Amino acid sequence: MKKIIILFCAIVLSACTFQTKHRGYVFPEDLETRVASIKTTGQLQDQIGSPQVTTIYGDEVWIYYGADENYRGPLPLKYDNQTVLLVWVKGNRITNTKILHDADLPDVVIAEGETDIPAAIELNALQELFNNIGRFSPAGLGQ
């Protein structure tokens, strides 16, 4: 009986991984002081890099994001050390910067279920299969 319990515990513990992956930018420790000395977009790109996202409407804002993604076995995925750098740009000049950390970022809760799409066509698996006939070219034709 002891061997079974030890084997069970070994299997359960072996499934628990403790892993951290970094996502996005790896910001320097002295981010605030570095950003304060940057005045042009060229300097910003040299020190931090190109932005992940730029806004399309309104003021031009460059957005940089970095976080640590923590895997703790069967526990839910957790993000730590989240940092967002927002840089307002006018031409090649930086007009304003804002750095947001974990405490400044809102908790976003994803709603359960699905959002209905008006006028959406609902197809079952068989209809989807027959709907796709003729849409793909045979392999090797390069089309």
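The analysis underlying the following values was restricted to heavy atoms, covering all of them including side chains, and did not include hydrogens, waters or symmetry mates. Here the structure is a predicted model, which means the values were calculated and not measured.
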(message) Would a single hydrophobic cluster contain both Val53 and Val61, if residues Ile, Leu, Val, Met, Phe, Trp and Tyr are joined by side-chain heavy-atom contacts under 4.5 Å?
(response) yes

(request) Give a yes or no answer on whether the side chain of Thr54 reaches the backbone of Trp62 with a donor-acceptor pair at less than 3.5 Å. (result)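 Absent.
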
(message) Determine whether a donor-acceptor pair (N or O, by modelled atom type, separation under 3.5 Å) exists between the side chain of Gln52 and the backbone of Tyr65.
(response)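 Flag set: sc Gln52 to bb Tyr65 pair under 3.5 Å.
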
Going from [atom1] on [X] to [atom2] on [Y], what distance comes out if it is rounded to the nearest 0.5 angstrom?
X      : Y      : atom1 : atom2 : answer
Leu86  : Asn96  : CG    : CG    : 9.0 Å
Trp88  : Thr95  : CH2   : OG1   : 8.0 Å
Asn124 : Phe130 : CG    : CZ    : 10.5 Å
Phe27  : Glu32  : CZ    : CD    : 10.5 Å
Leu85  : Lys98  : CG    : NZ    : 12.0 Å
Tyr64  : Leu31  : OH    : CG    : 11.0 Å

(message) side-chain contact (heavy atoms from CB on, under 4.5 Å), that's the test. Do Ile99 and Thr83 meet it? Break it down for me.
(response) CA-CA 7 Å; Ile99 300 170; Thr83 304; 4.1 Å; yes

(request) Apply the test salt bridge (Lys or Arg N to Asp or Glu O under 4.0 Å) to residues Lys21 and Glu69: give CA-CA distance (whole Å), side-chain angles for both, the deciding distance (0.1 Å), then the verdict. (result) CA-CA 5 Å; Lys21 291 183 179 178; Glu69 198 174 61; 5.7 Å; no

Cut-off 3.5 Å, no hydrogens considered: what does the side-chain donor-acceptor table look like for residues 35-43, sequence neighbours left out?
{"unit_1": "Ser37", "atom_1": "OG", "unit_2": "Arg34", "atom_2": "O", "d": "2.8"}
{"unit_1": "Lys39", "atom_1": "NZ", "unit_2": "Ala36", "atom_2": "O", "d": "3.2"}
{"unit_1": "Thr40", "atom_1": "OG1", "unit_2": "Gln43", "atom_2": "N", "d": "3.2"}
{"unit_1": "Gln43", "atom_1": "OE1", "unit_2": "Lys39", "atom_2": "N", "d": "2.7"}
{"unit_1": "Gln43", "atom_1": "OE1", "unit_2": "Thr40", "atom_2": "N", "d": "3.3"}

(message) Can you confirm whether the side chains of Asp68 and Thr20 place a donor and an acceptor under 3.5 Å from each other?
(response)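 No, no side-chain donor-acceptor contact under 3.5 Å.
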
(request) Mind listing the closest non-hydrogen atom pair of Gln45 and Pro51 along with its distance? (result) NE2-CD, 4.4 Å

(message) Restricting to non-hydrogen atoms, name the atom on Leu100 and the atom on Asp104 that form the minimum distance, rounded to 0.1 Å.
(response)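 It is CA-OD2, 3.7 Å.
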
(message) Is it the case that atom CD in Glu29 sees more than 12 heavy atoms from other parts of the structure closer than 6.0 Å?
(response) no

